[in-house]
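The structure presented is a predicted model; accordingly, all values stated were derived computationally and were not measured.
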Amino acid sequence: MDSNSDKQQALDRRYLRMAYIWAENSYCQRRQVGALIVKNKMIISDGYNGTPSGFENVCEDEDNKTKPYVLHAEANAITKIARSHNSSDGSTLYVTASPCIECAKLIIQAGIKRVVYSEKYRLEEGIELLKRAGIEVVYIENEIKE
């Protein structure tokens with residue numbers, strides 16, 4: 001491996017660790033997910049799973065099921081870009097859990113070119129869609145298990 005790919009791998013691990021720290025902002029009990037969008041070595045957006053702005057910070061219903069209107073971390077990071085003057089075109093998304101198919105569609109449309117994730121989800125259809133769209137998908141095993 002050349003030093004450039006070593007450097008990239010070190011950066012990937014660092015940004016992924018930051019995404020895990022960002023996930024701690026989530027009020028969700030079942031699972032906390034964090035996401036960062038990085039372009040030219042700058043974090044241009046961030047997100048974590050949770051309810052839309054102005055809603056109560058409770059993600060689960062009485063049966064401990066995730067409420068249908070909870071936003072995923074990737075969706076929050078991508079929609080935050082839409083409200084800023086930044087562009088996610090050509091960027092890398094770091095996310096603690098593998099994207100679902102709905103988030104994969106948003107990632108493709110946002111022009112994100114790389115996705116680095118750490119926890120595999122039982123459904124692989126989001127990852128498969130990203131690969132089909134020509135997006136580089138990198139899995140890095142979670143080294144930060146509590």
Side-chain angles (χ1 to χ4, degrees), residues 1 3-61 64-84 86-131 133 135-146:
M1 221 192 283
S3 65
N4 268 357
S5 57
D6 284 346
K7 275 184 189 162
Q8 185 61 60
Q9 200 173 47
L11 273 175
D12 286 349
R13 289 181 186 284
R14 211 167 287 138
Y15 283 125
L16 208 46
R17 283 198 307 271
M18 292 168 77
Y20 270 98
I21 291 165
W22 203 243
E24 294 172 14
N25 288 315
S26 172
Y27 288 92
C28 297
Q29 302 293 311
R30 290 179 66 214
R31 186 177 213 190
Q32 293 180 311
V33 180
L36 297 176
I37 299 176
V38 176
K39 189 173 178 179
N40 303 324
K41 293 185 183 168
M42 281 190 308
I43 297 169
I44 59 169
S45 191
D46 53 61
Y48 50 86
N49 57 328
T51 55
S53 300
F55 283 68
E56 75 292 341
N57 287 322
V58 180
C59 299
E60 293 83 13
D61 62 19
N64 200 33
K65 292 214 172 18
T66 301
K67 292 178 181 177
Y69 55 86
V70 167
L71 286 150
H72 288 185
E74 307 94 312
N76 267 326
I78 290 167
T79 54
K80 209 178 211 184
I81 286 272
R83 295 176 74 169
S84 75
N86 278 317
S87 165
S88 52
D89 209 30
S91 64
T92 298
L93 171 75
Y94 294 90
V95 61
T96 58
S98 66
C100 71
I101 193 150
E102 292 303 317
C103 287
K105 291 189 271 187
L106 293 175
I107 291 164
I108 294 163
Q109 292 302 92
I112 293 167
K113 292 294 170 231
R114 270 180 97 234
V115 174
V116 180
Y117 73 100
S118 179
E119 294 169 24
K120 292 184 176 174
Y121 184 57
R122 56 186 167 82
L123 301 173
E124 290 280 310
E125 56 194 9
I127 295 296
E128 288 164 16
L129 189 66
L130 292 173
K131 289 177 180 174
I135 292 169
E136 183 188 346
V137 178
V138 180
Y139 168 73
I140 297 178
E141 199 170 340
N142 179 10
E143 302 162 339
I144 318 174
K145 292 201 166 77
E146 266 92 356

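- Defined by atom type and a distance below 3.5 Å, a donor-acceptor pair is present between the side-chain atoms of Asp12 and Tyr94.
- Between Leu93 and Tyr117, every side-chain heavy-atom pair lies at or beyond the 4.5 Å cut-off.
- Between atom CG of residue Asn4 and atom CD of residue Gln9 there is a gap of 12.5 Å, rounded to the nearest 0.5 Å.
- The only member of Arg31, His72, Arg30, Gln29 that meets side chain to side chain donor-acceptor pair (under 3.5 Å) when paired with Thr66 is Arg30.
- The heavy-atom pair separating Pro99 from Val115 by the smallest distance is CG-CG1, 4.1 Å.
- Under the disulfide bond (SG atoms under 2.5 Å apart) criterion, Cys59 pairs with Cys28, not counting sequence neighbours.
- Between Pro52 and Leu71 there is a side-chain heavy-atom pair separated by less than 4.5 Å.
- Rounding to the nearest 0.5 angstrom, the gap separating the CG atom in Leu16 from the CD atom in Glu119 is 9.0 Å.
- Here the CG-OG1 distance, from Asn40 to Thr92, works out to 9.5 Å after rounding to the nearest 0.5 Å.
- The two atoms that bring Val58 and Lys67 nearest to each other are O-NZ, 3.4 Å, heavy atoms only.
- A salt bridge is absent between Lys131 and Glu128; no separation between the charged side-chain nitrogens and carboxylate oxygens falls under 4.0 Å.
- In this structure the side chain of Tyr20 reaches within 4.5 angstrom of the side chain of Asn142, judged on heavy atoms.
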